[in-house]
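Reviewing the structure listed below.
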Number of protein chains: 2
Amino acid sequence: MNRRNTPTKEAVLNLLSNSKKALSQDAIEKQLDIKINRATIYRVLNRFCEDDMVHRIVAEDGKQYFAICKKCEKPEDVQYHFHFRCLSCDTIECLQVPVNYAVPNGYQVQSANCVLTGTCSDCSQAVG
Amino acid sequence: MNRRNTPTKEAVLNLLSNSKKALSQDAIEKQLDIKINRATIYRVLNRFCEDDMVHRIVAEDGKQYFAICKKCEKPEDVQYHFHFRCLSCDTIECLQVPVNYAVPNGYQVQSANCVLTGTCSDCSQAVG
DNA sequence: CATTTATTGCGAATAAGTTGCAATAATACA
DNA sequence: TGTATTATTGCAACTTATTCGCAATAAATG
């Protein structure tokens, strides 16, 4: 199952690389210049996740969001970080805030999905 | 919009009260003795959440799970806590582990949804 | 250039959750 | 205790996110 390079793959990866926010399939489809099928976008994203190039966030709305962030490049340092969902501008971003936890004996953690929801700094300021 | 007491409401509340795990609508429907419509269960659960009797967790599977836990009784102390999703026994439970975070300036947090996924203590031991 | 097979598009399927509407039943009050 | 008010319920239909089967397309390899 060797991976192949396709325009689709490149386009999605570019978009994610240049985005400061985590993107949903929906958002990706809208922002792409080229028309790519919904199912294809999901498949490309799922492959990225399998290959650990991208991480997946599930927000309180139950939707999946995808992000590449600088911290992902040094996973030893900050394996899991908080995400922030802004209800005002409806975006999700990676925070430079590590997730610290100490689970009770016997629990084995394989992954963490931590999302804080509220108003981001941009939108908080916009009020004043 | 005063709340009324109904058998449905009581049954769901009882189930949640006696459950050590967070339950999905699906699980609730199955565990109930009486047959209650899917939509009704959701409406009852949503009302519980509005009234702060129950809290809602969204897991990595994108599904909603509902729980009453002791910590919820003293929300000042431990407002947010981690949840644990066990892939082995397919359950979600509240951990007595508080969520600590320090968001950057300007961010306003309204809620937190933090789920750790892996193998719970029961299932970890089951291997040996 | 030909072969292999990963990738794509399409349509349909699945699953979670919500909504409109009419019927039912819990509460308040005469 | 009977009646009016309206919260709650069941049903069916709808929405939205995500996946899947399948045939067609197009990377990679040699």
Side-chain angles (χ1 to χ4, degrees), chain A residues 1-16 21-51 53-67 83 85 87 90-92 113 115 117, chain B residues 1-16 22-51 53-67 83 85 90-92 113 115 117:
Chain A
M1 189 67 92
N2 286 322
R3 294 281 131 94
R4 292 179 181 176
N5 288 320
T6 66
T8 293
K9 178 179 171 177
E10 253 184 89
V12 174
L13 196 56
N14 262 326
L15 195 55
L16 285 174
K21 308 280 186 173
L23 301 175
S24 63
Q25 173 278 322
D26 194 46
I28 291 172
E29 187 171 341
K30 278 182 192 146
Q31 288 182 42
L32 281 174
D33 301 325
I34 53 178
K35 168 70 185 162
I36 304 180
N37 183 269
R38 197 169 69 252
T40 302
I41 295 178
Y42 276 112
R43 282 187 281 226
V44 167
L45 289 169
N46 286 334
R47 266 177 249 141
F48 285 162
C49 288
E50 276 175 41
D51 299 347
M53 303 163 62
V54 162
H55 67 281
R56 183 195 319 263
I57 308 132
V58 177
E60 273 170 316
D61 60 5
K63 284 173 62 178
Q64 303 182 357
Y65 293 79
F66 300 86
H83 297 93
R85 180 158 89 107
L87 295 174
D90 193 28
T91 63
I92 294 202
N113 187 74
V115 182
T117 300
Chain B
M1 189 66 92
N2 286 321
R3 295 280 131 94
R4 292 179 181 176
N5 288 320
T6 66
T8 293
K9 179 179 170 179
E10 253 184 88
V12 175
L13 196 56
N14 262 325
L15 195 56
L16 285 175
L23 301 175
S24 63
Q25 173 277 320
D26 196 43
I28 291 173
E29 187 171 341
K30 277 182 194 148
Q31 289 182 40
L32 281 174
D33 301 324
I34 53 178
K35 169 69 185 163
I36 303 181
N37 184 269
R38 193 170 74 253
T40 302
I41 295 177
Y42 276 115
R43 281 188 280 226
V44 166
L45 289 169
N46 285 335
R47 266 178 249 142
F48 286 161
C49 288
E50 276 176 41
D51 299 347
M53 302 163 64
V54 162
H55 67 281
R56 183 196 321 263
I57 308 132
V58 177
E60 273 170 316
D61 60 5
K63 284 174 61 178
Q64 303 182 354
Y65 292 80
F66 300 87
H83 297 94
R85 180 158 90 105
D90 193 28
T91 63
I92 294 203
N113 187 73
V115 183
T117 299

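Quick note: numbers below take in every heavy atom, side chains included, and nothing from hydrogens, waters or symmetry partners. What you see is a predicted model; the values in this text were computed from it and never measured. We name chains A, B, ... by the order of the sequence lines, and we start the count at 1 in each one.
- For B/R38 and D/dG10, a side-chain-to-base donor-acceptor distance below 3.5 Å is absent, hydrogens and geometry of angles not being considered.
- Per the geometry, CD belonging to B/E60 stands 16 Å off C1' belonging to D/dT18, to the nearest Å.
- We find that CD1 of A/I34 is positioned 12 Å from C1' of C/dT8, with the value rounded to whole Å.
- Separating the CD atom of B/E10 from the P atom of C/dA26 is a distance of 11 Å, rounded to the nearest angstrom.
- Between B/T6 and the phosphate of C/dA25, there is no side-chain N or O to OP1/OP2 separation shorter than 4.0 Å.
- Mapping B/N2 and B/K63 onto DNA chain C via the closest heavy atom, the residue that lands nearer the 5' end is B/K63.
- Using a 4.5 Å cut-off on side-chain heavy atoms (C-beta onward), B/K9 and B/R47 make no contact.
- Taking only side-chain nitrogens and oxygens, B/R4 never comes nearer than 4.0 Å to OP1 or OP2 of C/dA28.
- For the OP1/OP2 pair of C/dT27 and a distance below 4.0 Å, the side-chain nitrogens and oxygens of B/N5 include at least one atom meeting the criterion.
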Self-check item: Residue pair A/N113, A/R56: steps toward the side chain to side chain donor-acceptor pair (under 3.5 Å) verdict
Solution: CA-CA 9 Å; A/N113 187 74; A/R56 183 195 319 263; over 6 Å; no

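- The side chain of A/R43 lies closest to C/dG9, out of C/dT7, C/dG9, C/dA26.
- B/I57 places its CD1 atom 17 Å from the P atom of C/dA16, with the value rounded to the nearest Å.
- Nucleotide D/dA17 holds its C1' atom 12 Å from the CG atom of A/N46, rounded to whole Å.
- At least one side-chain nitrogen or oxygen of A/T40 sits closer than 4.0 Å to the OP1 or OP2 atom of C/dG9.
- When the side-chain nitrogen and oxygen atoms of A/T8 are compared with OP1 and OP2 of C/dT8, one or more of them lie within a distance under 4.0 Å.
- Residue B/R47 has a polar side-chain atom (N or O) positioned under 4.0 Å from OP1 or OP2 of D/dT9.
- Rounded to whole Å, atom P of D/dC11 lies 11 Å from atom CD of B/E29.
- Protein atom CD1 of A/I36 is 15 Å distant from nucleotide atom C1' of C/dC10, rounded to whole Å.
- Taking atom CG of residue A/D61 and atom P of nucleotide D/dA17, one finds them 8 Å apart after rounding to whole Å.
- The CD1 atom of B/I57 sits 11.0 Å away from the CD atom of A/E60 when rounded to the nearest 0.5 Å.
- Proximity of a side-chain donor or acceptor of B/D51 to a complementary backbone N or O of B/M53 within less than 3.5 Å is not detected.
- Looking at heavy-atom distances under 4.0 Å, B/Q25 makes no contact with the nucleic acid at all.
- Between A/Y42 and the phosphate of D/dT19, there is no side-chain N or O to OP1/OP2 separation shorter than 4.0 Å.
- In this structure, CD in B/E10 is found 9.5 Å from CD1 in B/I34, a value given to the nearest 0.5 Å.
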